[in-house]
Amino acid sequence: MLHSIDIKILLIDAQPLLREGLKRALETEEDIKIVAEGDNGEELIPLFDQYLPDIVIMDTNLPQKNGIEAVQELTSHYPEANVLMFSVSADPSLVIQSFKKGSRGYMLKEMDISSIVKAVKVVNEGGFYVHPKVTGDFIAEYNHLKKQEENAVFYQTVVRRPFHLLTRREAEVMQMLAEGNSNKNIGEILSMSDKTVKNHVSSILRKMEVQDRTQAVVTALKNCWVELK
């Protein structure tokens, strides 16, 4: 019986050995298939047009046209495109730029294959992914840009509290997660026990259909559900 392919991936990276290694590793998953490969940013749109992949995994540092420029051009033509940036750099400004230009995830090349598969599946299911190593700096940089660049794409003119999804208390906890608070800090500020805080966080993750607080924070930021002060 033939197994249907659930996730089609377009892989663009200038290093052929890396592409081959990643292709072999990803294709050990029954529901993942690399349908096309490229080695520069100029190839992105022609290959996307031809293969219509579910996910694009693309390096930030590419010849002819870098990955950030390429993703901006792609999402202007295909707003629904799912792009996972794949980089050696943990520079938070680069992470911010990739999201501003339309990517839905940012991976580091030091990740193991199980983490890459997780990121692919999160984005394929409509979520966002940021490597945990850069989450704190990502939030700090977001906060800095919000204060300094009122006309930036990420500037929030209106914060829409997610009361359609979360309770008021959960929304408060979500706001504090976005500000980088630990469970202990949240409990102290809101006068809650550690167990109560953990229960609220678990409920938030379940309702938002995300796997961890990193994904919750990124989703909340993208939907203007929190405000970084």
Side-chain angles (χ1 to χ4, degrees), residues 2-78 80-125 127-135 137-138 141 211-212 214-215 218:
L2 294 175
H3 181 84
S4 61
I5 297 170
D6 296 323
I7 305 175
K8 298 180 296 181
I9 293 178
L10 166 58
L11 177 58
I12 297 186
D13 194 288
Q15 302 176 50
L17 289 178
L18 184 146
R19 290 201 314 271
E20 182 61 25
L22 185 57
K23 176 180 178 180
R24 290 185 179 185
L26 285 173
E27 288 188 338
T28 61
E29 298 287 316
E30 290 186 347
D31 57 351
I32 291 178
K33 177 70 175 178
I34 307 298
V35 295
E37 300 175 48
D39 61 12
N40 66 78
E42 292 289 357
E43 292 184 285
L44 175 59
I45 288 183
L47 288 173
F48 195 96
D49 285 339
Q50 182 176 355
Y51 292 96
L52 296 176
D54 300 300
I55 301 285
V56 177
I57 295 179
M58 183 167 59
D59 192 5
T60 53
N61 185 23
L62 292 168
Q64 299 184 37
K65 181 182 294 180
N66 71 44
I68 303 299
E69 294 173 342
V71 72
Q72 181 180 27
E73 184 177 355
L74 175 67
T75 54
S76 69
H77 290 83
Y78 295 97
E80 75 286 358
N82 292 322
V83 181
L84 261 169
M85 305 307 295
F86 197 39
S87 180
V88 297
S89 174
D91 183 345
S93 63
L94 191 59
V95 182
I96 287 284
Q97 284 298 314
S98 74
F99 277 100
K100 286 171 66 175
K101 301 304 183 183
S103 72
R104 295 184 65 89
Y106 195 96
M107 304 188 297
L108 295 180
K109 291 189 176 182
E110 66 187 48
M111 292 167 61
D112 59 40
I113 190 61
S114 63
S115 297
I116 294 173
V117 169
K118 173 185 174 182
V120 165
K121 292 187 176 182
V122 164
V123 170
N124 188 61
E125 292 168 2
F128 299 93
Y129 180 87
V130 179
H131 190 285
K133 182 176 179 179
V134 301
T135 302
D137 289 337
F138 168 79
E141 181 72 7
Q211 297 181 21
D212 55 44
T214 298
Q215 295 172 29
V218 173

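Only a predicted model underlies this, so the values are computations on that prediction, with no experimental measurement involved.
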Give a yes or no on whether the backbone of [Y] and the side-chain of [X] come within a donor-acceptor separation of less than 3.5 Å.
X: Ser98; Y: Gly105; value: no
X: Asp54; Y: Lys8; value: yes
X: Thr75; Y: Val71; value: yes

To the nearest 0.5 angstrom, please state how far the [atom1] atom of [X] sits from the [atom2] atom of [Y].
X: Gln72; Y: Ser103; atom1: CD; atom2: OG; answer: 11.5 Å
X: Glu27; Y: Ile9; atom1: CD; atom2: CD1; answer: 8.5 Å
X: Leu11; Y: Ile55; atom1: CG; atom2: CD1; answer: 12.5 Å
X: Leu44; Y: Tyr78; atom1: CG; atom2: OH; answer: 10.0 Å
X: Met107; Y: Lys118; atom1: CE; atom2: NZ; answer: 13.0 Å
X: Glu69; Y: Leu62; atom1: CD; atom2: CG; answer: 10.0 Å

By side-chain hydrogen bond (donor to acceptor under 3.5 Å, both in side chains) - contacts of Tyr106 (at least two apart): Ser87
Taking side-chain hydrogen bond (donor to acceptor under 3.5 Å, both in side chains) as the definition, give me every residue that meets it alongside Glu20, ordered by chain and number, with sequence neighbours left out. Arg24
Taking Met85 as the fixed residue, which of Leu108, Ile68, Ile57 is the one that meets the side chain to side chain contact (heavy atoms under 4.5 Å, CB included) rule? Ile68
If we only count heavy atoms from C-beta on, is the [X] to [Y] side-chain gap below 4.5 Å?
X: Glu42; Y: Gln64; value: yes
X: Ile113; Y: Leu22; value: yes
X: Leu84; Y: Val120; value: yes
X: Gln215; Y: Val122; value: yes
X: Phe86; Y: Ile12; value: no

Which residues pass the salt bridge (charged side-chain N to carboxylate O under 4.0 Å, His left out) test with [X], not counting sequence neighbours?
X: Asp91; result: none
X: Glu43; result: none
X: Lys109; result: Asp13, Asp59

From CA spacing to verdict: side chain to side chain contact (heavy atoms under 4.5 Å, CB included), Val83, Leu74: CA-CA 9 Å; Val83 181; Leu74 175 67; 3.7 Å; yes
Is it true that Glu29 and Lys121 make a salt bridge, defined as a side-chain N closer than 4.0 Å to a carboxylate O? yes
For the pair Glu73 and Lys65, find out whether any cationic side-chain nitrogen is under 4.0 Å from an anionic carboxylate oxygen. yes
Listed partners of Pro63 passing side chain to side chain contact (heavy atoms under 4.5 Å, CB included), at least two apart: Ala14, Asn40
